[in-house]
Amino acid sequence: PLNGNGSTRCDGCMAYHLARAFDAAGQTDSAFAEYQRYLTIPPGLRQDAEDLAAVQKRLGEIYDQRNDTKNAIIHYAAFMDQWAHADAELQPVVNDVRRRLGELRGREGQ
């Protein structure tokens with residue numbers, strides 16, 4: 001069903017899965033567009049717990065690859081906010097992002 005802004009409960013899933021498919025196919029620009037679209041969908045219409053963290057991390061990586069430090073920091077930090085207290089088996093991912101975020105913040109301050 002549609003909500004007040006024309007979105008359905010499937011829009012978040014669709015954007016997320018399309019983004020991942022484009023990413024897997026090496027179509028980073030299309031993946032980027034779908035990840036960005038995912039963030040425009042109201043939180044109640046997307047599965048935020050795991051998907052949002054994955055989207056924020058991947059957008060951080062894409063911005064990082066594009067040398068867009070400011071936006072990479074924004075998305076890596078959003079990921080860190082969500083996963084700072086993740087389960088022990090996920091901490092290596094958190095630590096990698098924390099390290100990269102520190103490097104980018106250090107670079108931005110120079």
Side-chain angles (χ1 to χ4, degrees):
L2 292 175
N3 71 1
N5 71 3
S7 296
T8 68
R9 293 196 75 52
C10 297
D11 287 351
C13 298
M14 180 67 72
Y16 179 72
H17 291 297
L18 276 173
R20 292 189 39 93
F22 283 130
D23 239 353
Q27 297 178 18
T28 306
D29 290 341
S30 295
F32 177 79
E34 289 299 322
Y35 286 130
Q36 290 288 8
R37 184 169 80 87
Y38 177 88
L39 293 180
T40 68
I41 297 168
L45 297 179
R46 57 184 197 215
Q47 297 175 321
D48 276 350
E50 293 178 25
D51 295 351
L52 181 59
V55 167
Q56 295 289 14
K57 180 179 181 287
R58 186 63 183 121
L59 282 171
E61 293 167 347
I62 293 170
Y63 278 118
D64 199 355
Q65 291 167 354
R66 294 178 176 184
N67 294 315
D68 184 338
T69 302
K70 178 183 175 188
N71 282 307
I73 288 171
I74 288 169
H75 290 284
Y76 282 147
F79 169 81
M80 290 299 304
D81 286 346
Q82 295 168 38
W83 273 33
H85 303 290
D87 293 340
E89 65 268 10
L90 301 173
Q91 286 303 313
V93 174
V94 174
N95 290 334
D96 287 346
V97 173
R98 181 180 292 119
R99 179 192 50 75
R100 185 62 184 144
L101 185 57
E103 291 170 356
L104 291 173
R105 284 180 171 154
R107 183 188 315 161
E108 188 179 54
Q110 294 177 355

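The model shown is predicted, which means the values in this text are computed figures rather than measured ones.
- Of the possible donor and acceptor atoms, none in the side chain of Asp64 sits under 3.5 Å from a partner among the backbone N and O of Gly60.
- When the salt bridge (Lys or Arg N to Asp or Glu O under 4.0 Å) test is applied to Arg66, the partners found at least two apart in sequence or on another chain are Asp29.
- With hydrogens and angles disregarded, no donor-acceptor distance shorter than 3.5 Å links the side chain of Gln56 to the backbone of Ala78.
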**Prompt:** Would Ile74 and Leu59 satisfy side-chain contact (heavy atoms from CB on, under 4.5 Å), going step by step from the backbone distance to the final call?
**Reply:** CA-CA 9 Å; Ile74 288 169; Leu59 282 171; over 6 Å; no
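- The shortest non-hydrogen separation linking Phe22 to Ala31 is CB-N, 3.5 Å.
- A ring pair (Phe, Tyr, Trp, His ring centres under 6.0 Å) check over residues 56-81, counting only residues at least two apart or in different chains, returns the pairs Phe32-Tyr63, Tyr63-His75, Phe79-Trp83.
- The structure places CD of Glu61 at 7.0 Å from CD of Gln65, a figure rounded to the nearest 0.5 Å.
- Atoms SG and CG, on Cys13 and Leu18 in that order, are 11.0 Å from each other to the nearest 0.5 Å.
- Residue pairs meeting the salt bridge (charged side-chain N to carboxylate O under 4.0 Å, His left out) criterion with at least one partner in residues 76-99, sequence neighbours excluded, are Arg99-Glu103.
- Every side-chain contact (heavy atoms from CB on, under 4.5 Å) that Ala19 has, sequence neighbours left out, goes to Glu34, Tyr35.
- Contact annotation: the side chain of Ile62 never approaches that of Asn71 to less than 4.5 Å [non-hydrogen atoms, C-beta and beyond].
- Sorted by first and then second residue, the salt bridge (charged side-chain N to carboxylate O under 4.0 Å, His left out) pairs with a member in residues 19-28 read Asp23-Arg58; sequence neighbours excluded.
- Annotation for Ala77 and Arg105: closest pair CB-NH2, 3.6 Å, computed over non-hydrogen atoms.
- Heavy-atom contacts from other residues, nucleotides or ligands closer than 6.0 Å to CE of Met14 number 12 or fewer.
- The side chain to side chain contact (heavy atoms under 4.5 Å, CB included) with Tyr16 is formed by just one residue from the set Leu52, Ile41, Val55; it is Val55.
- With sequence neighbours excluded, the residues satisfying side-chain contact (heavy atoms from CB on, under 4.5 Å) with Thr69 are Ile73, Leu104, Arg107, Glu108.
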